[in-house]
Amino acid sequence: MDTALEEKRLQEITALCKNRGFIFQSSEIYGGLRSAYDYGPLGVELKRNIINEWWRDMVYSRQNVVGLDASIIMHPKVWEASGHRAGFADPLVDCLICKERFRADKAPKKIAGEAVTIQLADKGKAKEALDFIEKNLSLQLTRNKKNIEGAVASERGYVCLNCNSPFLSEERQFNLMFRSFMGPVDPMEEVANAVENGNFEGLKGKDLRQAMEKILNPSTVFLRPETAQAMFVQFNNIQRSMSLKLPFGIAQAGKSFRNEITTRYFIFRSCEFEQMEMEFFCHPDEDDQWLDFWKKERMNWWHRYANKPENFKFRQHSPDELAHYSKDCYDVEYKFPWGWDELEGIANRTNYDLKKHEEASGKRLQYRDPESGEMYFPHVIEPAAGATRAVLAYLDDALDQDEIPDSKGELQKRTVLRLHPRLAPYKVAILPLLRKEGMPEKASQVADQFFQAGINARYDEVNAIGKRYRRHDEIGTPYCITIDQDTIEDNTVTIRDRDTTKQERISIEEAVDIVKNRLAEG
RNA sequence: GCGGGUGUAACUCAAUGGUAGAGUACCAGCCUUCCAAGCUGGCAGUGUGGGUUCGAUUCCCAUCACCCGCUCCA
């Protein structure tokens, strides 16, 4: 697929989401807020259905997995122990020559004084760079085609990872966690007082920052950047209260927050996102086999709701991209319009988290084997999936176009969202053929039957029947039930299948069971 | 956050330094007996804030949002 088509695909999905009430931009009337999205009447159903399916599979289908819904704001020490406070504050640097921004710890290392050749994209860029160096840095260097020679590495010990330049901006901290303040008094007031009293007099840079942090820290809290930590922190309470024996899992779905440097691709990467995470605690000798087990389970789950399972695959992390806590990790990737990208990470976190929290809290977070009496840190296998990413993946997987004949027999394009029935926002649409002769009343009664059966049905009488069929095709409603004159006479209705557009005449009594059975499939 | 691009109605697109139009969609009514029908009427817009100007949607500046590249990540 070429770039133009990929872009068009994502636009199609975004447009459908807005037009049909799935997903809107946050605060749209005020110009929108960066990378924040609201799930509309249909989107909330789709997202909830996905999370419910996950919960059903993880918690309701297994004897050894239990649920948790922890608070989003946790004790600040949780994030110190987990490494997020340090790890989420990456020092970033701008290259003064090529304008590249990069993480200081990822840049090529050089010894101070070592000669480096700056490599630009072309001769023109190299000439510009040479001018810039002469004017702004007062250095005379020489140009050789698109390279600039004669520069030396500075005492910082690294150079630009793009062009090799040693001419770099200061390192700047970007805290990737959302900071907030707990307590009735705004801590800015205390900062203002300190300034007024001259407490910061003479302080600069790092020292000034530290002095201000000291005032802010007592009331500082962070929004969780992942849901996982609560499962570790509550390990003891959950294990004891539920009398759990290894191996067992704790599952949680909920919101997490990260100040991403860049957000991109609609809801794919946003600062506020929803996760579905499970921490599976097992004996240290069994972690590899459980990782394998959960890989299989999770891929089965992704495939269950997919029209095109070939668009889901595993990618193993290479040793240098593994997170500091993780021994082995596989991503479930989906072939998004812009390419393969991550949906879920299935990681072997070893005993890193429990150990860290035991150290930091001074509370024992080990498991005592009831038979042998042995005390040990369980190892943890973590399948951590993005719920909001799942929404986007399944929308892309389901969005399709085909052709069906119109009333004149000519083929017309049809947009159809081939969502798995359990993911579909509405399971069935109840449509009076005409708005007269008692059809609306009869249709209302049929809709009530579905509501009583706990099935989300949609009564819809707006526009001509063909248009209503198309509308429900577009939002993924698997069935349309139409009430016509025969219904009034003999209590039969037509039921239309979204994917085939074929209709069948059935009795009203059968209708609920047909839909129910379809929902139970697969 | 850096670099590049874009910004007119819910959508697709017109026009203009001097009263912003159309199609689709949406709403109401009429008509309609199964796959985006018709008729009538209606709602609705220059992202935001400044500047230049008698007058700015148009020119300039800033800002915000989105898209592309880098980066980061579930």
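Every chain is numbered from 1, with letters handed out A, B, ... down the list of sequences. The model shown is predicted, which means the values in this text are computed figures rather than measured ones.
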Pairing string, 5' to 3', for RNA chain B - Watson-Crick or wobble contacts under 3.5 Å, brackets [ ] where pairs cross, | to another strand: (((((((..((((....[..)))).(((((.......)))))....(((((..]....))))))))))))....

Interatomic distance, Met276(A) CE vs A74(B) C1' [rounded to whole Å]: 10 Å

Pairs touching residues 462-471 of chain A that satisfy salt bridge (charged side-chain N to carboxylate O under 4.0 Å, His left out), sequence neighbours left out: Asp460(A)-Arg471(A)

Lys18(A) or Gln275(A), whichever maps to the more 5' nucleotide of RNA chain B: Lys18(A)

Sugar-phosphate only, base, or nothing, as touched by Glu437(A) at under 4.0 Å among non-hydrogen atoms: base

All ring-ring contact (aromatic ring centres under 6.0 Å, His included) counterparts of His357(A), not counting sequence neighbours: none

Sugar-phosphate only, base, or nothing, as touched by Ser26(A) at under 4.0 Å among non-hydrogen atoms: nothing

Donor-acceptor pair, side chain of Arg298(A) and main chain of Ile346(A), under 3.5 angstrom: no

Phosphate OP1/OP2 of C68(B) contacted by Arg264(A) side-chain N/O (<4.0 Å): yes

Enumerate the protein-to-nucleotides 41-50 of chain B contacts in which both atoms are nitrogen or oxygen and the separation is below 3.5 Å.
none

Criterion side-chain hydrogen bond (donor to acceptor under 3.5 Å, both in side chains) on Tyr469(A) and Thr482(A), from CA distance to verdict: CA-CA 10 Å; Tyr469(A) 287 149; Thr482(A) 304; 2.7 Å; yes

Touch class at under 4.0 angstrom, heavy-atom based, for Leu431(A) against every strand present: nothing

Given RNA chain B, 5'-ward residue of the pair Thr388(A) and Lys502(A), judged by closest heavy atom: Lys502(A)

Gln503(A) side chain vs Thr494(A) backbone, donor-acceptor pair below 3.5 Å: no

N/O (side chain, Tyr265(A)) to phosphate O (OP1/OP2, A74(B)) under 4.0 Å: no

Aromatic ring proximity, centroids under 6.0 angstrom, Phe268(A) and Phe266(A): no

Nearest-angstrom distance from the residue atom CD1 of Ile23(A) to P of C66(B): 14 Å

Residue list, salt bridge (charged side-chain N to carboxylate O under 4.0 Å, His left out) with Lys296(A), at least two apart or on another chain: Asp292(A)

Please list, for nucleotides 25-31 of chain B, all pairs of protein and nucleotide N/O atoms separated by less than 3.5 Å.
unit_1	atom_1	unit_2	atom_2	d
A25(B)	OP1	Lys467(A)	NZ	3.0

Flag, side chain of Asp397(A) to backbone of Lys308(A), donor-acceptor distance under 3.5 Å: yes

Rounded distance (Å) that lies between atom P of C73(B) and atom CZ of Arg315(A): 12 Å

Between A36(B) (C1') and Ile465(A) (CD1): distance, integer Å: 12 Å

Any donor-acceptor pair under 3.5 Å from Arg258(A) side chain to Pro225(A) backbone: yes

